Amino acid sequence: MNISPIRVLMIFTIMDRGGAETMVMNYFRNVDRSTVVFDFLVHREEEGAYDNEIKTLGGNIFKLPGISLKSLSAYKQAVHRFFEEHNDYRIIHGHCSELGYWIYKEASKKGVPFIAAHAHNAPLGWDLKMPFRNVLKRLMRPYITHCFTCAEASAIWLFGKERAKNAIFQANAVDASKFQYAENKRNKIRTREQWDKRFIIGNVSRFDKQKNHLFLLDIVSEILKKRQDILCVLIGANGSEYEKVKQRIKDLNLGNHIKLYGTRSDIPELMQGMDVLLFPSFHEGLSVTMIEAQSSGLKTYTSTGVSKQVAIIPKLVDFIELNRGAKYWASQILQQKYERKNTFESIKVAHFDIKENAKWLTEFYLSQIKNK
């Protein structure tokens, strides 16, 4: 007798190549899809970078309108209609931080036994949205049955100190086999991309304020004062800072030393050819990009706003305070010396390879809804 797989409803804004999205896709590719399949409820009409692959893997994609104060009433009605029409989900796993509140509340009303919120980030500082975020995260908490996180600080921010103590750690696991460093692979990609005579500084992230691209460009400008062979490769989807980044490149006269690659599907290959990863984010939970970099034996320079838990191979990650300034950051990168090695076994030992993690997640989902 054929038994249908359990369908898990993942909640996202859009399935582009962001950190959380890439992490979930790593799991989706590697779970036993005869047992568990992921569906996605997103908040954008436009197609996401992963949409076609999701469908190929057997997942469904449902679309809600974006959340805004002006259209909040219509949004809540859309959420209500969705659960009226799709009342068979027993597992919901949200990745929209506190903005999942309305979905969690409606799912709770419908008696969904497993409603998880996943803390991916711990925002620092204050902005105009912060009061609303603080209210929503408190309103959200009574409706979730499970707290997931990738880092302690992220869990404390979203769930509060007490609930964070029992948060379930889910590794931002990667397919380490795809990132294994090899000299011949490095030479091949550097020839293909015409990087042979350049020192390649990489960054893989969406062009949003959190990722601090403008400061990154200041660092590149300082490095150029000491060596002229550098090329900084910026890989990622357009975001709120994209036009500012392009303007800063012009202002600093960096046109010959910056390349905007846009969204790419060949990150494992591109990381082989890089010399360092520069990642001066204001804050991060457990960056998937930095796990990928360590899986490829790539040295990373990041900020102290990033969780220290991300340094699963400590010698490959240097944490620097942002207030030390671009000149200091540049000096540290210019001094860098390390031997590039295959780190596959280290990633496995640290339990960040996707194979064992996908098996664990499948078993965990099933154990939590058994007999419910």
Side-chain angles (χ1 to χ4, degrees), residues 1-64 78-79 81-96 100 103-104 106-108 110-118 120 143-150 168-178 265 288 352-372:
M1 180 176 67
N2 291 328
I3 301 176
S4 298
I6 296 293
R7 304 195 79 90
V8 177
L9 186 66
M10 297 287 181
I11 315 299
F12 276 98
T13 300
I14 184 171
M15 285 306 294
D16 277 340
R17 296 183 188 277
E21 294 83 355
T22 297
M23 182 270 286
V24 169
M25 289 304 297
N26 284 338
Y27 277 88
F28 194 11
R29 297 178 190 115
N30 288 278
V31 295
D32 177 359
R33 292 191 297 279
S34 68
T35 304
V36 171
V37 173
F38 296 173
D39 290 338
F40 294 80
L41 183 59
V42 300
H43 294 77
R44 293 287 185 274
E45 284 298 325
E46 62 266 30
E47 184 176 282
Y50 285 124
D51 284 11
N52 287 335
E53 184 181 2
I54 287 168
K55 295 171 185 175
T56 300
L57 293 173
N60 297 308
I61 303 170
F62 305 103
K63 299 192 176 184
L64 290 173
V79 172
R81 283 196 304 272
F82 176 84
F83 283 102
E84 286 289 314
E85 296 169 3
H86 305 87
N87 57 12
D88 52 348
Y89 285 105
R90 300 171 67 198
I91 301 176
I92 292 175
H93 195 147
H95 302 269
C96 287
I103 291 174
Y104 305 145
E106 190 66 30
S108 182
K110 298 297 183 184
V112 178
F114 185 114
I115 304 171
H118 200 126
H120 290 279
Y143 299 109
I144 58 176
T145 62
H146 294 73
C147 302
F148 276 70
T149 192
C150 61
I168 300 152
F169 176 78
Q170 182 180 348
N172 284 356
V174 301
D175 189 344
S177 63
K178 292 183 177 180
S265 60
V288 174
F352 273 85
D353 184 52
I354 192 61
K355 301 296 189 295
E356 66 174 276
N357 283 282
K359 182 179 180 182
W360 164 81
L361 184 63
T362 300
E363 293 173 351
F364 183 81
Y365 280 150
L366 297 178
S367 71
Q368 295 301 296
I369 63 168
K370 188 176 182 180
N371 302 323
K372 289 186 178 181

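Side chains are part of it too, since the values below use all heavy atoms of this structure and drop only hydrogens, waters and symmetry mates. Since the structure is predicted, the reported quantities are computational estimates derived from the model, not experimental observations.
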Let me confirm one number: the [atom1]-[atom2] distance from [X] to [Y], rounded to the nearest 0.5 Å.
{"X": "F364", "Y": "I369", "atom1": "CZ", "atom2": "CD1", "result": "11.5 Å"}
{"X": "T362", "Y": "W360", "atom1": "OG1", "atom2": "CH2", "result": "10.0 Å"}
{"X": "L366", "Y": "I91", "atom1": "CG", "atom2": "CD1", "result": "6.5 Å"}
{"X": "I115", "Y": "I103", "atom1": "CD1", "atom2": "CD1", "result": "11.0 Å"}
{"X": "L361", "Y": "I168", "atom1": "CG", "atom2": "CD1", "result": "10.0 Å"}
{"X": "I6", "Y": "K370", "atom1": "CD1", "atom2": "NZ", "result": "12.5 Å"}

>> The criterion is side-chain contact (heavy atoms from CB on, under 4.5 Å); which residues satisfy it with F62, sequence neighbours excluded?
In response: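 With neighbours one apart ignored, the set is L9, D39, L41, N60, F82, H86, Y89.
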>> Going by the rule side-chain contact (heavy atoms from CB on, under 4.5 Å), which residues pair with T13 if we only count those two or more places apart in sequence or in a different chain?
In response: R44, C96
Closest heavy-atom pair and its distance - [X], [Y]:
{"X": "S34", "Y": "P5", "answer": "O-CB, 3.6 Å"}
{"X": "V31", "Y": "V36", "answer": "CG2-O, 3.8 Å"}
{"X": "R7", "Y": "G58", "answer": "NH2-O, 2.7 Å"}
{"X": "N357", "Y": "A171", "answer": "OD1-CB, 3.6 Å"}
{"X": "N172", "Y": "C150", "answer": "OD1-CB, 3.6 Å"}
{"X": "A176", "Y": "D353", "answer": "N-OD1, 3.1 Å"}

Should [X] and [Y] count as side-chain neighbours, where that means a heavy-atom distance under 4.5 Å?
{"X": "R17", "Y": "S265", "value": "yes"}
{"X": "L57", "Y": "M25", "value": "yes"}
{"X": "K178", "Y": "I354", "value": "no"}
{"X": "Y27", "Y": "Q170", "value": "yes"}
{"X": "I54", "Y": "F38", "value": "no"}

Among residues at least two apart in sequence or on other chains, which ones pass side chain to side chain donor-acceptor pair (under 3.5 Å) with [X]?
{"X": "E106", "answer": "H80"}
{"X": "T22", "answer": "Y50"}
{"X": "E47", "answer": "none"}

> What residues form a ring-ring contact (aromatic ring centres under 6.0 Å, His included) with F83, not counting sequence neighbours?
Replying inline: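 Listed in chain order: nothing, the list is empty.
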>> Could you work out, with ring-ring contact (aromatic ring centres under 6.0 Å, His included) as the rule, every residue matching H95, not counting sequence neighbours?
In response: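 ring-ring contact (aromatic ring centres under 6.0 Å, His included) check on H95 returns F12, H93, H118, H120.
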>> Tell me whether the rings of F148 and Y365 are parallel (<30°), tilted (30 to 60°) or perpendicular (>60°).
In response: tilted
>> I need the full list of salt bridge (Lys or Arg N to Asp or Glu O under 4.0 Å) pairs touching residues 354-368, with sequence neighbours left out, sorted by first then second residue.
In response: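 Pairs touching residues 354-368 that pass the test: D175-K355.
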> Please, which pairs that meet salt bridge (Lys or Arg N to Asp or Glu O under 4.0 Å) have at least one residue in residues 18-37, sequence neighbours excluded?
Replying inline: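 Listed once each, the pairs are R29-E53.
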> Where the side chain of T56 meets the backbone of N52, is there a donor-acceptor pair that is under 3.5 Å apart?
Replying inline: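 Yes, T56 side chain to N52 backbone: donor-acceptor pair under 3.5 Å.
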>> Main chain of A173, side chain of N26: is a donor-acceptor contact present, judged purely on distance under 3.5 Å?
In response: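 Yes, N26 side chain to A173 backbone: donor-acceptor pair under 3.5 Å.
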>> Tell me every residue that passes salt bridge (charged side-chain N to carboxylate O under 4.0 Å, His left out) with E84, counting only those two or more places apart in sequence or in another chain.
In response: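 E84 satisfies salt bridge (charged side-chain N to carboxylate O under 4.0 Å, His left out) with K110 once adjacent residues are dropped.
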